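For reference, the structure discussed in these notes is given below.
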Amino acid sequence: MSLNHELADLFKTFAAIMEIKGEPVFKSIAFSKVARVLNDMTFDIRDAVEKGTLEDIEGIGKSSRKIIEEFVRTGKSSDFEDVAATVPPGLIPMLQVPGLGPKTIALLWKQRGVTSIDELSKAIAEGRLEGLKGIGEKKIEQIKQGLTMREQAGRRMGIGEALPIAEALLQQLRKIKGVKQAEIAGSLRRRKETIGDVDVIVGVAKPSDMPVIAEAFTKFPQVDRVLGQGESKSSIVTESGLQVDLRIVPIENFGAALQYFTGSKEHNVKLRGMAQEHGLTLNEWGLYRISDYEKATKEPARPPACKPIASRTEAEVYDALGLPYIEPELREDRGEITAAIEKSLPVLISRADIRGDLHCHTTASDGTATIDQMAQAALALGYEFLAITDHSKSQVVANGLTAERLFAHAAEIRRANDRIKGIRLLAGCEVDILADGHLDFDDAVLAELDFVVASPHVALRQDTEKATARILRAIESKYVNVIGHPTGRLINQREGLPLDFARIFTAAAATGTALEINSGYPRLDLTDTVARAAIGAGCMLSINTDAHSTDGLNWIDYGINVARRAWVTPRHVINCMPLKKLMQFIAKKR
DNA sequence: GCCGTTTTCGGCCCGACTGTTTTCAGTCG
């Protein structure tokens with residue numbers, strides 16, 4: 001784990017301890033924010049310590065600066081250790097149990113001596129929780145369920161699994177009578193790589209339809225169990241273990257609800273702060289004048305009885321706050337609100353900007369489709385070019401090509417290129433970057449190709465120095481056009497190479513080597529924050545599917561999602577270049 | 001604890017739901 005992440009964990013734990021100790025809530029919010037900032041950061045926090053610029057980073061103040069400085073110097077924080085010593089460490093994971101919050105945890109600890117999840121289970125089994133003030137029978141049952149849920153849920157689900165499930169539910173919802181509009185909200189709409197649960201918003205014309213729809217939703221065939229159902233809200237868990245929360249609102253309030261539940265929480269906190277500066281208040285029902293809103297009568301699950309300034313669409317809400325529309329993928333409180341105020345939001349890349357795929361496989365190595373089939377599939381997507389990049393010889397399990405087979409394959413790609421009209425096929429290879437940075441083929445072989453992707457596949461547990469030197473060496477090869485899945489990470493499965501990105505970016509930008517956003521799930525490598533730092537450093541990116549079948553080419557959307565979260569525009573991506581410009585990009589490096 | 005084109009003090013986002021309660025506390029997103 002990198003130093004940044006170690007520190008982020010420290011601040012996260014620090015914040016949790018403060019919550020349990022009942023310290024003023026804003027203190028723990030402040031430290032949680034420091035944790036988030038550290039997690040999102042793409043440079044080494046050591047750099048800021050050395051330059052003395054720590055306090056220039058938003059969210060880091062005097063206290064957290066001291067903690068970070070001491071930690072960088074000594075590998076520990078005495079402030080943290082002092083506080084941590086006052087609370088049993090087993091209490092912190094208890095915060096992840098649904099239904100258990102800091103107040104209840106403190107109560108269980110002080111009144112019943114419960115100091116860990118295991119002890120909590122035991123205490124419940126032995127009936128030792130009875131007689132606590134504020135904890136009744138139902139609460140105990142809720143905690144019990146929370147404990148089993150936590151065991152089952154474990155980690156967050158990847159977007160590649162969650163999105164298809166959510167979209168199927170959406171289609172079913174749209175067919176229910178009375179549903180005027182239905183959209184995915186939450187982190188899934190922001191296209192985060194993993195999600196905790198799915199939020200779906202439905203707009204209705206008639207309030208009387210709301211409970212009917214809430215109930216119909218709980219009867220969908222893929223529902224495994226119902227967690228709760230109210231007037232305007234239901235919560236279910238699908239057979240695949242995905243929690244889905246449905247909220248139903250009058251269609252007039254749809255935009256405000258969609259905005260509110262899309263988040264992120266941090267983005268919304270900033271927006272609501274802005275609203276207040278204008279004498280307005282923003283909530284899930286709409287944007288209101290504070291004076292109107294305070295006088296209005298309010299009922300649960302119904303909009304307040306006063307006229308909103310904006311509520312029908314998200315665009316109206318942003319507009320009324322004096323902002324242009326902010327794309328969901330940007331709503332992470334990573335500078336998008338400032339950019340919106342300054343009218344400098346990026347025009348994000350979209351599917352229509354992609355002119356071709358530059359990394360895919362055929363039956364020549366481990367793909368399932370032929371050159372012709374892949375070419376036809378690419379044509380059907382409207383592509384102008386496709387690079388066929390089968391594996392090199394080290395990838396024995398993937399039927400990697402020897403130099404002789406590669407030459408024959410390249411000749412076949414070129415014949416296909418002559419035969420198939422309307423698309424340019426590039427004869428390429430995905431060559432292995434070996435552990436020491438050597439490529440799997442020497443220059444004489446690579447010189448025969450039109451296009452080269454170089455990727456790490458083995459030795460993915462190297463330290464930063466070795467791993468960085470390895471990738472740098474590949475970047476220096478004049479035949480390498482793209483570094484494929486640069487870190488080798490797999491979501492929820494493998495950390496990947498701990499690269500020193502600043503050095504990688506400098507070399508990639510200087511040599512004209514593109515860095516890949518691999519669209520294949522669970523790769524999605526580079527990640528959003530790293531890709532954003534890459535374009536900030538002047539690098540070109542390449543968004544590719546690494547498809548092993550014709551269907552695989554459709555995964556491009558997942559790579560585009562990452563790119564959009566990274567503030568990427570078409571001019572940052574070589575797949576958006578017209579063919580002629582792409583060929584110039586390749587030629588320039590040789 | 002952090003922050004500041006009204007500021008170095010005094011704010012810091014908001015509502016629904018649940019459970020345990022007669023008016024509120026805690027949790028969640």
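Quick caveat, the model's predicted, so the values are computed rather than measured.
For the pair A:Arg65 CZ and B:dC2 C1', the interatomic distance rounds to 14 Å; values are reported in whole Å. One interatomic measurement links the two molecules: CG of A:Leu227 to P of B:dG29, which rounds to 11 Å at whole-angstrom precision. As a whole-Å value, the separation of A:Ile143 CD1 from B:dC28 C1' is 15 Å. Between the NE2 atom of A:His267 and the C1' atom of B:dC14 there is a distance of 15 Å, rounded to whole Å. Counting to the nearest Å, the P atom of B:dG29 and the CG atom of A:Leu258 are 18 Å from each other. Rounded to a whole Å, the CG atom of A:Leu100 is 13 Å from the C1' atom of B:dC28. The distance between atom CD of A:Glu58 and atom C1' of B:dG1, rounded to the nearest whole Å, is 14 Å. The CE atom of A:Met210 sits 14 Å away from the C1' atom of B:dC17 (whole-angstrom rounding).
Of all nucleotides listed (B:dG29, B:dC17, B:dT27), B:dG29 comes nearest to the side chain of A:Arg247. Among B:dC14, B:dG15, B:dG29, the nucleotide with an atom closest to any side-chain atom of A:Asp199 is B:dG29. For A:Thr104, taking side-chain heavy atoms from C-beta onward, the closest of the listed nucleotides B:dT27, B:dG19, B:dC14 is B:dT27. Ranking B:dC2, B:dC17, B:dG19 by closeness to the A:Lys233 side chain, first place goes to B:dC17. Side-chain proximity of A:Lys265 to B:dC17, B:dG29, B:dC12: nearest is B:dG29. With distances taken from any side-chain atom of A:Pro102 to the nucleotides B:dT27, B:dC12, B:dG29, the minimum falls on B:dT27. Taking the side chain of A:Ser232 as heavy atoms from C-beta on, and the options B:dC17, B:dG1, B:dT27, the nearest nucleotide is B:dC17.
Note: A:Tyr558 and A:Tyr521 have tilted aromatic rings, judged against thresholds of 30 and 60 degrees for the angle between ring planes. In this structure, A:Phe501 and A:Phe505 have parallel ring planes: the angle between them is below the 30° cut-off, well short of the 60° mark.
Taking atom P in both B:dT21 and B:dA25, the straight-line distance is 13 Å, to the nearest Å. With both ends at atom C1', the span from B:dC9 to B:dC14 equals 25 Å, rounded to whole Å. Between B:dG26 and B:dT20, the two C1' atoms lie 11 Å apart (nearest whole Å). Comparing the C1' positions of B:dT8 and B:dC3 gives an interatomic distance of 10 Å, to the nearest angstrom. Distance check on atom C1': B:dT7 versus B:dC12 gives 14 Å, rounded to whole Å.
Aromatic stacking of A:Phe26 on B:dC12: satisfied, with centres closer than 5.5 Å and planes within an angle under 30 degrees.
At the phosphate of B:dG26, neither OP1 nor OP2 sits under 4.0 Å from any side-chain N or O atom of A:Gln142. Put simply, A:Thr262 has no side-chain N or O that comes within less than 4.0 Å of OP1 or OP2 on B:dG29. Here A:Ser28 does not reach the OP1 or OP2 of B:dG1: none of its side-chain N or O atoms lies under 4.0 Å away. Distances shorter than 4.0 Å separate none of the side-chain N or O atoms of A:Trp285 from OP1 or OP2 on B:dC14.
An anti base is found at B:dT22: its glycosidic angle is more than 90° from 0.
Judged by the 6.0 Å and 45° rule, A:Lys27 forms no cation-pi pair with A:Phe14.
When heavy atoms are screened at a 4.0 angstrom cut-off, A:Lys27 is found touching base atoms of the nucleic acid. Heavy atoms of A:Lys62 sit under 4.0 angstrom from primed sugar atoms or phosphate atoms, though from no base atom.
Residue A:Tyr260 places a side-chain atom within donor-acceptor reach of the base of B:dG29, judged by atom type and a 3.5 Å distance cut-off alone.
With DNA chain B read from its 5' end, the first of the two nearest nucleotides for A:Asp245 and A:Glu284 is the one closest to A:Glu284. Comparing A:Arg302 and A:Gly99, the nucleotide of DNA chain B nearest to each residue sits closer to the 5' end for A:Arg302.
Atoms CD and CD1, from A:Glu193 and A:Ile491 in turn, are 4.5 Å apart once rounded to the nearest 0.5 Å.
Under the Watson-Crick or G-U wobble criterion, with both distances below 3.5 Å, B:dT8 has no partner in any strand shown.
One finds a salt bridge joining A:Arg334 and A:Asp528 here, because a Lys/Arg side-chain nitrogen approaches an Asp/Glu carboxylate oxygen to under 4.0 Å. Here A:Arg174 pairs with A:Glu183 in a salt bridge; the nearest charged N to carboxylate O distance falls below 4.0 Å.
Judged by distance alone, with hydrogens and angles left aside, the side-chain atoms of A:Thr281 form no donor-acceptor pair with the main-chain N or O of A:Tyr288 at under 3.5 Å.
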